2 protein chains.
Amino acid sequence: MVRMADVARAAGVSVMTVSNVLNERLPVNEPTRARVMAAVEALGYEVNLTARHLRAGRTDTVAFVVPSFHDYFGELADQVAPLIEAEGRHLVLERTSANAEQEMEALSVARLQIYDGVLLSIAGLDLEQLGRVRTSKPIVLLGERDVPDHLNHVRLANESGARLATAHMIERGSRRILALGCSFDGAHMMTTDRRVGWENACREAGLAADPAYVVPVSDYTSLGGRDAMLEFIASGLPFDGVFAVTDIVALGALSALADSGLRVPVDVQLAGFDNLDMSRFIPPGITSVDANHEGVAEAAVTLLHRQMSGWTGPAEHVVAPVRLVVRGSTRGGA
Amino acid sequence: MVRMADVARAAGVSVMTVSNVLNERLPVNEPTRARVMAAVEALGYEVNLTARHLRAGRTDTVAFVVPSFHDYFGELADQVAPLIEAEGRHLVLERTSANAEQEMEALSVARLQIYDGVLLSIAGLDLEQLGRVRTSKPIVLLGERDVPDHLNHVRLANESGARLATAHMIERGSRRILALGCSFDGAHMMTTDRRVGWENACREAGLAADPAYVVPVSDYTSLGGRDAMLEFIASGLPFDGVFAVTDIVALGALSALADSGLRVPVDVQLAGFDNLDMSRFIPPGITSVDANHEGVAEAAVTLLHRQMSGWTGPAEHVVAPVRLVVRGSTRGGA
DNA sequence: GTCCTGCTTTTTATCGATATATTGAGCGCG
DNA sequence: CGCGCTCAATATATCGATAAAAAGCAGGAC
């Protein structure tokens, strides 16, 4: 491994001069500078980031800690990356498997200190655990649950989004709408918020928000959605609309409906939440609440940058607005 | 920040004793050990990973460098993570945006040295550029292009997969099959390999592999697939089957077919490549070549572990086998 | 009582960079 | 000629840990 000292020797200068050339800190005379650069080229020197970090206390790296790498988080991460890079920093993703222990570990001082800042997509941690997180590192939480006041947080307007989607289906003629995957789940506050949105939309339209129409899913996957949907269909309860807690779950529902010979949107209207890329293309197009990745990414990165540049005011709690994207799975859509 | 020295002072021992307790290197007497642990607890000490790295030269961290965070790569990364964690290491994802410069940067000595090993999903680099990569760090390449002999590499059996899918559609009655997104593309050797598979299947069945049926896409997204498909339909050339270079592209094609009133699989059979989660659930189910994530992940991690444990034999080039998953988008499927 | 042996613990050197203080060279000006 | 001033370059200390060598300190043999 080539060290700065090797470059210094080759160029006939001191180590500090090499450092000054490479970091453009103190001025260096042109002939000296040229000699140093030549030596750098010749030896193929590259700075040791670890040593720099230890001494300078800066890594120019931000971590985005997510429960899993795919779907929603992958898409969000792709939005976040350019914003971080625009400020000359690097983004890396870490995964916690939606597991409280691993999430706490990701927040442990040891791993935090590696980064200049951390975006954390919480999933498994409750308020009490988050309350224990005391760090001087810039950190912004993302995700649909309550967090302690002292931590910056960006979340979606879940209730409003669910209400929009449900109201839309009611307006287009549905009278008995399922809330698929919207049952209470300790680990996912979002399901509760979205259920409340569904309830409110039903009530506002003078319809009953029957608890029997809040259908739990075993997990938030397409398979979970499909199984729950099939089970509900088998129960024989009448329905003519499905609001699924996420697009992934909605896809499972769509699959179950198709297999059961129910036509979307003629027999049953369907709407999801997140507006994943695929939702636009899956025939007949899944109506979905756009999760506003750009807005969330931008808000989160703005809060993070503010902290990284030394701002120390009170934490902010941003609620990103959402909008409904109407497609063929509901009537009157595109 | 609490340092090891603070713990040592609190426990009334030397710094090395603290280090020995925490790392279980040299034996430490029980009473001493207990005092140290108590001090660690009391002060809330956590090791400084950067300092450890600088001195010990080990980070216990592996990077998976991918072109983008979503879809295929996100799913693959979720397969890789547990395998890395099983050996007590940590996995982080880095992104290159399929850009040759950023890929070279990810391979630069500076960033490599941060990790104990690197998995690199190549997309933008050509053979010449990869040839310049000289590193002593364990590294394994993943992806569908040719790589220099001296680098470990895992790829898919692209030709064989494409042939399987195409032959299956021919067997089920298709006579004019499009190769969507399979045109030559300098940046994606995979498209060529898959086109060859399509050609071979056609020839073996005594059908023409007409170049007019190799349809380029502007980019490898659903939108790209959709636009190309619509354009082809508009051209009026007869067809009764579509082999799409990826499931993402296949989804775009499905969307276009649905909008054009063509029924899948009655009028047109459709098959993709990658077998993404969603392909199973999108009605009528997309027949797809399974990209064998487990196999690829396991092969790659095995090669990486071997290198990280000091093995220095010649590089290996693994071709992971693939299999066809038949679903409703081709006839006679489930 | 001395010396050796086997453990535990401490000392010393080091990883590769950067921040701060200091030295040295060149130059204008009285 | 010497003083002070500016700018370039070097010397020294440090970041927080670990590897390797040295030192302490029992207990037992002679």
Side-chain angles (χ1 to χ4, degrees), chain A residues 1-40 43-61 108-116 136-137, chain B residues 1-40 43-61 108-116 136-137:
Chain A
M1 167 130 327
V2 184
R3 291 162 334 209
M4 202 174 259
D6 301 321
V7 176
R9 192 168 341 106
V13 297
S14 74
V15 181
M16 264 327 284
T17 301
V18 178
S19 175
N20 285 330
V21 167
L22 294 177
N23 296 293
E24 298 177 346
R25 252 173 52 90
L26 301 185
V28 175
N29 267 3
E30 181 48 34
T32 315
R33 211 191 67 79
R35 277 213 318 287
V36 170
M37 288 311 287
V40 166
L43 300 177
Y45 171 77
E46 302 209 44
V47 68
N48 182 318
L49 295 174
T50 304
R52 167 182 290 171
H53 179 203
L54 179 59
R55 182 65 240 242
R58 156 185 64 95
T59 55
D60 296 325
T61 302
S108 78
V109 179
R111 288 211 69 83
L112 275 186
Q113 74 201 166
I114 295 187
Y115 302 109
D116 287 353
S136 51
K137 276 281 149 107
Chain B
M1 167 130 328
V2 183
R3 291 159 329 190
M4 204 176 255
D6 301 321
V7 175
R9 192 167 343 104
V13 296
S14 75
V15 180
M16 263 326 283
T17 301
V18 177
S19 175
N20 285 330
V21 168
L22 294 178
N23 296 293
E24 300 178 343
R25 252 172 52 88
L26 301 184
V28 175
N29 266 2
E30 181 47 34
T32 315
R33 209 191 68 79
R35 277 213 319 287
V36 170
M37 288 310 289
V40 166
L43 299 177
Y45 170 77
E46 302 208 44
V47 69
N48 181 319
L49 295 175
T50 304
R52 167 182 291 172
H53 179 202
L54 179 58
R55 182 65 241 241
R58 157 185 62 97
T59 55
D60 297 326
T61 302
S108 79
V109 179
R111 287 211 69 83
L112 274 186
Q113 74 201 166
I114 295 186
Y115 302 109
D116 288 353
S136 51
K137 276 282 151 104

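From a predicted model like this one, the values you see are computed outputs, not experimental measurements. Note on naming: letters A, B, ... go to the chains in the order of the sequence lines (proteins, then strands), and numbering restarts at 1 for each one.
The phosphate of D:dG16 has OP1 or OP2 within less than 4.0 Å of a side-chain N or O from B:R3. Contact annotation: B:R52 does not reach the phosphate of D:dG16 (side-chain N/O to OP1 or OP2, under 4.0 Å). OP1 or OP2 of D:dA17 has not a single side-chain nitrogen or oxygen of B:N48 nearer than 4.0 Å. In this structure, B:Y45 does not reach the D:dG16 phosphate: none of its side-chain N or O atoms is under 4.0 Å from OP1 or OP2. Side-chain nitrogen and oxygen atoms of B:N29 include none within less than 4.0 Å of the OP1 or OP2 phosphate oxygen of C:dC7. The shortest distance between the side-chain N/O atoms of A:T17 and the OP1/OP2 oxygens of D:dT10 is below 4.0 Å.
Note: CG (B:N20) to C1' (C:dT11) measures 13 Å, nearest angstrom. Rounded to a whole Å, the NE2 atom of B:H53 is 13 Å from the P atom of D:dT18. Rounded to a whole Å, the CG atom of B:L26 is 18 Å from the P atom of D:dG24. Per the geometry, CG belonging to A:L54 stands 12 Å off C1' belonging to C:dT14, to the nearest Å. Rounded to a whole Å, the CG atom of B:L49 is 14 Å from the C1' atom of D:dT18. Atom CG in B:N23 sits about 9 Å away from atom C1' in D:dA17, given to the nearest Å. Put simply, CG on B:D60 is 14 Å from C1' on D:dA17, counting in whole angstrom units. Going from atom CZ of A:R9 over to atom C1' of D:dA9 covers 18 Å, rounded to whole Å.
Across C:dA17, D:dT10, C:dA19, the shortest atom-to-atom separation from the side chain of A:R25 is found for C:dA19. Listed nucleotides D:dT14, C:dT11, D:dG16 differ in distance to A:R55; the shortest reach to its side chain belongs to D:dT14. The side chain of A:A56 lies closest to C:dA19, out of C:dT9, D:dT18, C:dA19.
In this model, no donor atom of one side chain and acceptor atom of the other lie less than 3.5 Å apart for B:N29 and B:R35.
The residue among A:R58 and B:R33 whose nearest nucleotide of DNA chain C lies closer to the 5′ end is B:R33. When each of B:M16 and B:A51 is assigned the nucleotide of DNA chain C bearing its nearest heavy atom, the one mapping closer to the 5' terminus is B:M16. When the nearest nucleotides of DNA chain D are assigned to B:V2 and A:V28 by heavy-atom distance, the more 5′-ward of the two goes with A:V28.
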Please lay out, stage by stage, how A:T50 and B:H53 fare under the test side chain to side chain donor-acceptor pair (under 3.5 Å). CA-CA 7 Å; A:T50 304; B:H53 179 202; 2.8 Å; yes
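Within 4.0 Å (heavy atoms only), B:T32 reaches sugar-phosphate atoms of the nucleic acid but no base atom. Counting non-hydrogen atoms under 4.0 angstrom, B:V15 reaches a base of the nucleic acid.
Put simply, the side chain of A:D116 gets close to the backbone of A:D60: a donor and an acceptor are under 3.5 Å apart.
Checked options A:N20, A:V13, A:V18; the residue passing with A:V28 is A:N20 (criterion: side-chain contact (heavy atoms from CB on, under 4.5 Å)).
Atom-to-atom distance recorded for B:R111:CZ and B:K137:NZ is 12.0 Å, nearest 0.5 angstrom.
Within a 6.0 Å sphere centred on CD of B:E24, other residues, nucleotides and ligands contribute 12 heavy atoms or fewer.
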